[in-house]
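Data block below; observations after.
We name chains A, B, ... by the order of the sequence lines, and we start the count at 1 in each one. Values reported hereafter were calculated over all heavy atoms of this structure, with side chains retained and with hydrogens, waters and symmetry mates removed.
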2 protein chains.
Amino acid sequence: MRKRATIYDIAQEAGVSTATVTRVIKQDPRVKAATREKVQRAIDANAYAPSVTAQNLERGSAKVLAVVLPEMSNLYFSRIYNAAYWEADANGYSLRLFQTRENQPISREMVSELIRCRIDGVLFAGNIWSSDRRDLNDALERLKNYMPVAAICPPGVDLDCIRIHSDLVSCVRLPVRHLHTLGHRHIAFIGGSMQTKDASKRKYNFLEQLRLLDLPDDPAYHIEAGYDMEGGERATMRLLSSLERGRWPSAMVTFNDLIALGAMKALKKMGLHLPDDMAVIGCDNQFFCPYTDPPLTSIDLHPEEMAQSAVRELLLAQESSSQSFSMIRDATLIVRESCGAALGYRKME
Amino acid sequence: MRKRATIYDIAQEAGVSTATVTRVIKQDPRVKAATREKVQRAIDANAYAPSVTAQNLERGSAKVLAVVLPEMSNLYFSRIYNAAYWEADANGYSLRLFQTRENQPISREMVSELIRCRIDGVLFAGNIWSSDRRDLNDALERLKNYMPVAAICPPGVDLDCIRIHSDLVSCVRLPVRHLHTLGHRHIAFIGGSMQTKDASKRKYNFLEQLRLLDLPDDPAYHIEAGYDMEGGERATMRLLSSLERGRWPSAMVTFNDLIALGAMKALKKMGLHLPDDMAVIGCDNQFFCPYTDPPLTSIDLHPEEMAQSAVRELLLAQESSSQSFSMIRDATLIVRESCGAALGYRKME
DNA sequence: GCGATAAATGTTACCGATTACATACTCGAC
DNA sequence: GTCGAGTATGTAATCGGTAACATTTATCGC
């Protein structure tokens with residue numbers, strides 16, 4: 001490895017002081033043209049580039065934001081990461097990704113690490129709201145001493161930080177109303193683990209919607225599921241096998257597209273034809289939705305925009321010191337064919 | 001924001017020198033128990049944590065590796081990232097992700113950034129081998145002055161750095177032989193852009209396999225495609241519409257699972273039934289493969305293991321200064337139902 | 001109780017930049 | 001020729017740690 005030239009080397013070679021070298025680099029106008037050239041030559045000759053580390057130390061900040069996410073098996077999180085990355089980039093910040101091991105929420109060590117690294121702001125997303133209330137609050141309070149904290153979280157999570165809420169009302173209301181419009185009356189909800197705030201909120205909203213639309217609510221129709229395809233498959237099998245054929249729902253709202261994918265597989269295995277025998281709606285509008293069979297109607301929560309807002313607010317909070325901000329981004333229904341709507345299909349009972 | 005305590009504050013509060021504070025933190029055994037306690041109390045009282053930036057400056061390295069990837073729309077890359085992340089983590093390094101904007105290969109600025117940040121090693125993966133030879137080599141040479149460089153790349157890319165090759169022979173040989181065993185004789189290849197090394201290599205290997213197995217080679221059977229589902233869908237439509245029905249192939253090998261997904265959609269749209277009318281094989285063994293309809297037979301290139309090896313070699317190269325290493329990780333065929341094999345199906349012509 | 005050795009702690013230069021302040025140089029006016 | 005204003009450049013403290021070396025204190029043999 002080549003030894004890196006320091007500012008001292010350059011200063012010496014150009015026969016000036018380090019201050020002058022800095023001035024040349026910073027394009028300070030009050031250096032004589034002749035000097036500037038001398039210095040520039042030395043810089044070029046040695047391919048000199050100032051050490052970011054040293055600059056960071058001097059500046060007292062590394063201009064880094066952090067985002068804490070569960071391992072990115074789910075594309076929903078890469079969308080958040082990507083959006084945050086470019087937004088940070090556009091503001092001269094870099095973004096460090098901290099991953100939590102599966103279902104492990106923020107650990108004590110991670111909090112320490114964030115503080116030790118002089119992170120300038122941190123964004124949390126994903127399944128950390130389920131962790132013990134006290135632990136979470138402690139972690140948050142500790143962090144907030146040193147950096148602005150933002151979270152993409154379900155509404156109602158009353159964390160004392162910048163909060164960007166996904167719209168858990170519309171993300172259930174939209175599919176239910178859509179199905180209702182199509183004539184469905186027996187609608188099931190395949191949710192995540194009711195331990196998590198997100199899932200239990202959605203279930204609550206789901207029941208609310210049924211009531212508002214005067215739809216029957218069969219307790220057998222809401223069922224927990226792991227957050228992936230296998231979870232969806234199992235839950236669906238459980239749902240169908242627990243009921244006699246006549247009492248099966250005619251439509252399913254799922255917690256996310258992965259679960260929907262698993263559900264679709266289970267339904268086909270049971271010999272059902274989609275969307276005629278069963279309508280399915282996913283959530284997250286993942287890239288594969290147009291390519292499932294039939295193409296999956298889904299909900300877009302706009303994770304990119306949420307991440308972008310979060311980063312912007314983090315940067316703003318650096319100066320303003322006000323760390324209370326809360327916004328809610330509404331969801332959008334993306335209609336495809338898994339409910340038959342696009343086919344002009346209408347359920348009759 | 002709270003003012004952070006420095007080592008001087010702690011030293012003062014505990015009535016010792018900074019050296020002693022460092023010793024306590026580093027668990028140096030030659031501090032008296034009484035002193036240790038005094039210091040520890042001061043540390044705890046101020047929630048003191050040494051500044052990573054200052055440590056980095058002193059150490060002359062930030063213990064960071066970097067991985068340069070195209071934006072992670074493709075799960076293949078998140079798998080590489082994840083594996084690299086944990087491997088780095090296990091060795092006390094952190095991992096910074098640098099993303100290239102779509103199809104833009106490594107830019108001059110990114111190289112500068114990597115150098116300025118005193119990155120301790122960099123791993124490249126993805127579609128950068130297509131970029132101009134000279135530019136790429138220049139970038140590599142520049143980087144190699146300052147850090148070990150590794151690349152996950154197709155075999156035959158004769159970059160002068162640590163090379164982890166995916167097995168582009170088996171990743172075509174396996175599916176072709178599999179299809180051949182099942183009785184297929186008319187096999188098409190839906191590849192990526194022939195501009196890229198990866199895709200052209202595979203096509204070459206594909207033709208080689210046909211020859212070895214004495215299978216007919218119809219030029220209409222190899223066709224370019226964008227790297228995503230839309231690309232696969234379009235390419236498939238093009239393939240089928242360019243031939244009269246009687247000359248259609250009975251099986252398709254695709255560049256990746258996304259393309260396969262698109263192809264499957266196109267095939268269904270044409271009224272073909274899988275796997276009876278057409279067998280399809282993907283590549284990458286992505287998470288959704290078991291959940292396509294029918295479940296997609298695919299090739300696993302083991303990106304995790306490649307990333308792991310790459311990180312290990314990067315860390316090794318730091319001392320040994322030998323930067324020539326090359327290994328090839330073979331591929332594995334994952335048989336599902338999209339070729340009918342699992343159903344005991346056999347093609348007869 | 002003294003010197004020799006070991007144990008505990010302190011002093012200070014250094015890592016590589018930035019910047020407030022000090023100094024030197026230039027030029028025109030008188 | 002000298003003074004002052006402005007311009008160009010240099011000096012040195014600073015950021016927050018680390019560690020080689022120096023110094024002080026404790027321990028032990030005789």
Side-chain angles (χ1 to χ4, degrees), chain A residues 1-40 42-43 46-64 112-113 115-120 146, chain B residues 1-40 42-43 46-64 112-113 115-120 146:
Chain A
M1 297 297 101
R2 194 144 110 191
K3 188 177 172 324
R4 290 162 191 275
T6 72
I7 198 167
Y8 297 101
D9 301 329
I10 303 300
Q12 188 156 37
E13 186 165 327
V16 299
S17 73
T18 60
T20 302
V21 177
T22 295
R23 288 189 194 109
V24 170
I25 291 171
K26 291 282 159 65
Q27 318 238 44
D28 192 313
R30 44 186 194 173
V31 269
K32 244 200 309 192
T35 316
R36 181 190 311 285
E37 263 184 51
K38 252 190 331 192
V39 173
Q40 193 59 54
I43 289 178
N46 297 334
Y48 168 73
S51 152
V52 171
T53 308
Q55 289 176 321
N56 287 347
L57 179 57
E58 156 70 25
R59 187 183 333 115
S61 140
K63 292 212 159 211
V64 204
S112 304
E113 179 75 1
I115 293 173
R116 289 198 317 117
C117 290
R118 295 346 192 216
I119 299 291
D120 297 301
Y146 301 104
Chain B
M1 297 297 100
R2 192 144 112 192
K3 190 178 171 322
R4 290 161 191 276
T6 73
I7 198 168
Y8 297 102
D9 302 331
I10 303 300
Q12 189 157 36
E13 187 165 326
V16 299
S17 73
T18 60
T20 301
V21 177
T22 294
R23 288 191 194 105
V24 169
I25 291 171
K26 292 283 159 63
Q27 319 238 41
D28 191 315
R30 47 187 189 169
V31 270
K32 242 199 312 190
T35 316
R36 182 190 309 286
E37 261 184 53
K38 250 189 335 188
V39 174
Q40 194 59 55
I43 290 178
N46 299 41
Y48 168 72
S51 152
V52 170
T53 309
Q55 288 176 321
N56 287 347
L57 180 57
E58 154 71 23
R59 186 184 333 116
S61 139
K63 293 214 161 209
V64 202
S112 305
E113 180 75 1
I115 294 173
R116 289 199 316 118
C117 290
R118 286 6 184 203
I119 298 291
D120 297 301
Y146 301 104

Pairs flagged by salt bridge (charged side-chain N to carboxylate O under 4.0 Å, His left out) wherever residues 4-28 of chain B is involved - sequence neighbours left out: D28(B)-R30(B)

So, using side-chain hydrogen bond (donor to acceptor under 3.5 Å, both in side chains) as the criterion, who are the partners of R116(B) when residues are at least two apart? E113(B)

Taking [atom1] from [X] and [atom2] from [N], how many angstroms apart are they, rounded to a whole number?
X	N	atom1	atom2	answer
R4(B)	dG17(D)	CZ	C1'	14 Å
K26(B)	dG17(D)	NZ	P	11 Å
Y48(A)	dG16(C)	OH	C1'	7 Å
D28(A)	dT7(D)	CG	P	12 Å
R36(A)	dA8(D)	CZ	P	10 Å

N/O to N/O distances under 3.5 Å, protein versus nucleotides 21-28 of chain C:
none

CG (N56(A)) and OG (S51(B)) are apart, to the nearest 0.5 Å, by 9.0 Å

Interatomic spacing from CD1 in I25(B) to CD in Q40(B) - rounded to 0.5 Å: 8.0 Å

So what does E58(A) hit on the nucleic acid, given a heavy-atom distance under 4.0 Å: a base, only sugar-phosphate, or nothing? base

Have a look at R116(A) and say if it touches a base, only the backbone sugar-phosphate, or nothing, with a 4.0 Å heavy-atom cut-off. nothing

Closest approach of Y48(B) and T6(B), non-hydrogen atoms and distance? CE1-C, 3.6 Å

Which nucleotide in the list dG17(D), dA17(C), dT9(C) gets nearest to the side chain of T35(B)? dT9(C)

DNA chain C nearest-nucleotide lookup for T20(B) and L57(A): closer to the 5′ end is T20(B)

As a check of understanding: the bend across the helix from dG1(C)-dC30(D) to dC30(C)-dG1(D), end axes from five pairs, rounded to 10 degrees, works out to 60°

OP1, OP2 of dT18(C) versus side-chain N and O of Q55(A): anything below 4.0 Å? yes

If you compare every side-chain N and O of R118(A) against the phosphate oxygens of dG17(D) (OP1, OP2), does one of them come in below 4.0 Å? yes

S61(A): what forms a side-chain contact (heavy atoms from CB on, under 4.5 Å) with it, not counting sequence neighbours? R59(A), K63(A), D120(A)

Between residues 6-19 of chain B and DNA chain C, which residues have a heavy-atom gap below 4.0 Å? G15(B), V16(B), S17(B), T18(B), A19(B)

